Protein chains: 2
Amino acid sequence: MTGEGRAALALDDGGVTDAGAGLEGGASSSVGVGVGVGVGSGPRQTRRSTNTVTLTDVAQHARVSPQTVSRSIRSPELVSEFTLERVRNSIAETGYVPNLAASNLASNRSMTVAAVIPAVSASVFADALHGLEEVLSPAGYQLFIGSTDYRPSHEEELVRALLGRRPDGIFIVGTKHSPNTTHLLRESRVPVVEAWDLTDDPIDSVVGFSNRDAISALVQFAVTRGYAHPTFAGSFQTGDFRAIARRGAFEDSVRELYPGEPIRVVDSGTATVDFETGRRLLDETLTTYPETDVLMFASDVFAAGAVLECARRGIRIPGDIAITGFGDFEISRHLVPTLTTVAVPNRQIGTIAGELLLARMTHRPVENSELDLGFSVVARESA
Amino acid sequence: MTGEGRAALALDDGGVTDAGAGLEGGASSSVGVGVGVGVGSGPRQTRRSTNTVTLTDVAQHARVSPQTVSRSIRSPELVSEFTLERVRNSIAETGYVPNLAASNLASNRSMTVAAVIPAVSASVFADALHGLEEVLSPAGYQLFIGSTDYRPSHEEELVRALLGRRPDGIFIVGTKHSPNTTHLLRESRVPVVEAWDLTDDPIDSVVGFSNRDAISALVQFAVTRGYAHPTFAGSFQTGDFRAIARRGAFEDSVRELYPGEPIRVVDSGTATVDFETGRRLLDETLTTYPETDVLMFASDVFAAGAVLECARRGIRIPGDIAITGFGDFEISRHLVPTLTTVAVPNRQIGTIAGELLLARMTHRPVENSELDLGFSVVARESA
DNA sequence: TAGGCTTATGTTAGCGCTGCCATCATCATC
DNA sequence: GATGATGATGGCAGCGCTAACATAAGCCTA
């Protein structure tokens, strides 16, 4: 360890008080609107604490009615060229920033979409969010993100809080929710897209693929390649219904396709999805089920950790043991050996969900609101 | 390729119209509030389009005033046990979800924090977001996320839109912004934390580390280890000021520490930060600057791509060429060989920024609002 | 030139909530 | 028993904006 950067923490109580914000910047600001300073005669002093510029201020400055300013912003085609010009100048000169909370309240549209995901830092969901944003942002919608950390109890609380913001649409990962969550979402009358899995009983719309079928296909693949002793490894924490579905699919498939073969599953419990856990899962597999000839991981991340560990230990893949992953992350086609896995349309889940929501929110007809985006088994060197 | 999941797209106009949401769920809903359906005598029909339950509905149901319901939610300690109980029941029975837009408007606090980041899918920022959320969520704040895609023009537009939601705090990556963006943020009078770099002229607060010093330390490290011909590789697109700062630091350090040595930089331009680009950068380095004995990447992702490519080609690390990264991603300590890199407090940037914002938003005094969290060079096998 | 149509702007009344104050009952204090 | 302090609740107005209607001016047609 060379070079250690300076560090200087220290928060919470101390001497220096909050400063900084009150700098009263450049030339273009502050109309002469003397509100907020008890002007004397009025029946009661106004409540405006922050002396921000309002639509009315802009209207006065441009010598038009507030409504005209509102129109200039929301539907400029209804306003004459001349007036529009004046209003625009006033907006620039006053530094007006519309208060969307007020707009939301008055118009009953928030121009937001709420996204409920298990974890922001999981790249698969980040990809989907990216896709969502890509579609919604140009249409003027903003994304509200909440993460559940795979805790169903937290999900309900979160959904409740997000609904409080009156989003125009909701994107939620997973198709299994608590009864209350489902009820809340149904009652909200807001377009909802459930993602990442399929279900017979959607709240509204679904965009995903069958986690069960994907694993079945992978087991089928193992059969075709002649592997005799498959083991499944992953972390199956209570709230991660997709991982649990995959595990169930593995068990069923093995029963069906490997009659007589014992069902081997290695579970890391609540461990995070990272390379380290992949190594540990490999380790546990090798000691617990040394007969394993194909080790199927519930995520490419685990698989990658295992592949790297094998490289370190000199275990040959697929010679000594074959390895498969799930997700087709970018790393998988760069590993040595490259990783056999299941490709899943992460990004596309986001974009398609976004388009679906957009159609719903603008009351455009939607042909199909239960979309199976499919998956594909990607055969590479590791199996 | 085996097993191809079914797919069934098709959006936009078609026959079937929007259905689904209007299921009028379980037993516990709908008070007898006959609004929304022109009731006849009133001077004008009300505007309430969605017949959602309001605070007034709950109040009527509980036979108390709206104010008491509001209090029961926001400061229950002011309400008697008996009343509280009744109100809580009414809330549950009516399925009331508070409208936070109205609350925001009336109270002038939105209980939201806006986060402006270059890209959601970049794991470093996802980590910071995670940290932010971890701190803000328990305090009741929600996160509004906007991504700029490294386009400064987009940043301004985004900040404007986010300010429209009247966040109580703002987290923004980077310390270099357009004059307009800076002006907007200053004028907003909202606590702002700029992150991921340091600056002499912050808008308000800063939490980060010196990208320049980090690279200098790394070059210094290269000197100590006896490397003679360093090359820097990365993608330095226009809006990524941190990458550009690192590049500049590399150039300056080489001038200082390797007098007479030419400055070797390989630039992949606007290429995305992924393993593939890392491989290409390695390739370009080997052909353009074959004399390179230590190749320093602007990100661990590039470095990992290069390390894997070397494994494939049989290039020995650090024997034939030494490699360093930046960021200390999880993969770096699992690669073979493990990667020498610079550890940067991603997650911590988020948590510290969150605490800072929280202090500011609750008007607690803050001792130091310019925090250098430091970095550390992590020496591993690859160099 | 009256009547209707179109276009541009203004007026009014809330959207659902909370800040501020007023009110009223209860209790301790002198 | 009058006084004030305390606790619990209600009334009123207004946050900043927009839907819905009203109005005014210009234009066309017969």
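Chain A is the first sequence line, chain B the second, and so forth, proteins listed ahead of strands; every chain is numbered from 1. Because the structure is a prediction, the values reported are computed rather than measured.
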Give the nucleotide from the list D:dC17, D:dT18, C:dA8 with an atom nearest to the side chain of A:Asn99. D:dC17
Any donor-acceptor pair under 3.5 Å linking the side chain of A:Ser137 with the backbone of A:Glu134? no
side-chain hydrogen bond (donor to acceptor under 3.5 Å, both in side chains) partners of B:Asn180, counting only residues at least two apart: B:Glu156
Comparing B:Phe82 with A:Pro98, nearest DNA chain D nucleotide closer to 5' gives the residue B:Phe82
Atom pair distance, as rounded to whole Å: CG in B:Leu84 and C1' in D:dG7: 15 Å
Nearest-Å distance, CG (B:Asn104) to P (C:dC17)? 13 Å
Just to verify, what does B:Arg151 make a side-chain hydrogen bond (donor to acceptor under 3.5 Å, both in side chains) with, not counting sequence neighbours? B:His154
Selected nucleotide, minimal atom distance to B:Ala102 side chain, candidates C:dC17, D:dT18, D:dG16: C:dC17
Is the distance from OP1 or OP2 of C:dT18 to the nearest side-chain N or O of B:Ser103 less than 4.0 Å? yes
Would you mind classifying the nucleic acid contact of B:Tyr96 as base, sugar-phosphate or nothing, using non-hydrogen atoms under 4.0 angstrom? sugar-phosphate
What residues form a side-chain hydrogen bond (donor to acceptor under 3.5 Å, both in side chains) with B:Ser72, not counting sequence neighbours? none
Would you kindly give the CD-to-C1' distance between B:Glu77 and D:dT6, to the nearest whole Å? 15 Å
Using only heavy-atom distances, determine whether the side chains of A:Ser205 and A:Arg360 contain a donor-acceptor pair under 3.5 Å. yes
Which is more 5' along DNA chain C, the nucleotide nearest A:Thr83 or the one nearest B:Leu100? Just name the residue. A:Thr83
Checking A:Thr182 now: which residues fulfil side chain to side chain contact (heavy atoms under 4.5 Å, CB included) with it, not counting sequence neighbours? A:His177, A:Arg186, A:Ile203
Opposite nucleotide pairing with C:dG4, Watson-Crick or G-U, both atom distances under 3.5 Å: D:dC27
Would you say C:dT9 has OP1 or OP2 under 4.0 Å from some side-chain N or O of A:Ser80? yes
Please check the phosphate of C:dC17 (OP1 and OP2 only) for any side-chain N or O of B:Thr56 closer than 4.0 Å. no
Under 4.0 Å, heavy atom to any atom of DNA chain C: which of residues 62-75 of chain A qualify? A:Val64, A:Ser65, A:Gln67, A:Thr68, A:Arg71
Taking CG from A:Asn108 and P from D:dA19, how many angstroms apart are they, rounded to a whole number? 10 Å
Taking atom P of C:dT9 as reference, at what distance in whole Å does atom CD of A:Glu85 sit? 13 Å
For atom CG of B:Leu163 and atom P of D:dG16, their distance in whole Å: 16 Å
I need the CG-C1' distance between A:Leu105 and C:dT18, as an integer number of Å. 12 Å
A:Ser80: which residues meet the side-chain hydrogen bond (donor to acceptor under 3.5 Å, both in side chains) condition with it, sequence neighbours left out? A:Thr83
Rounded to the nearest Å, what distance is computed from the CD atom of residue B:Glu81 to the P atom of nucleotide D:dT9? 11 Å
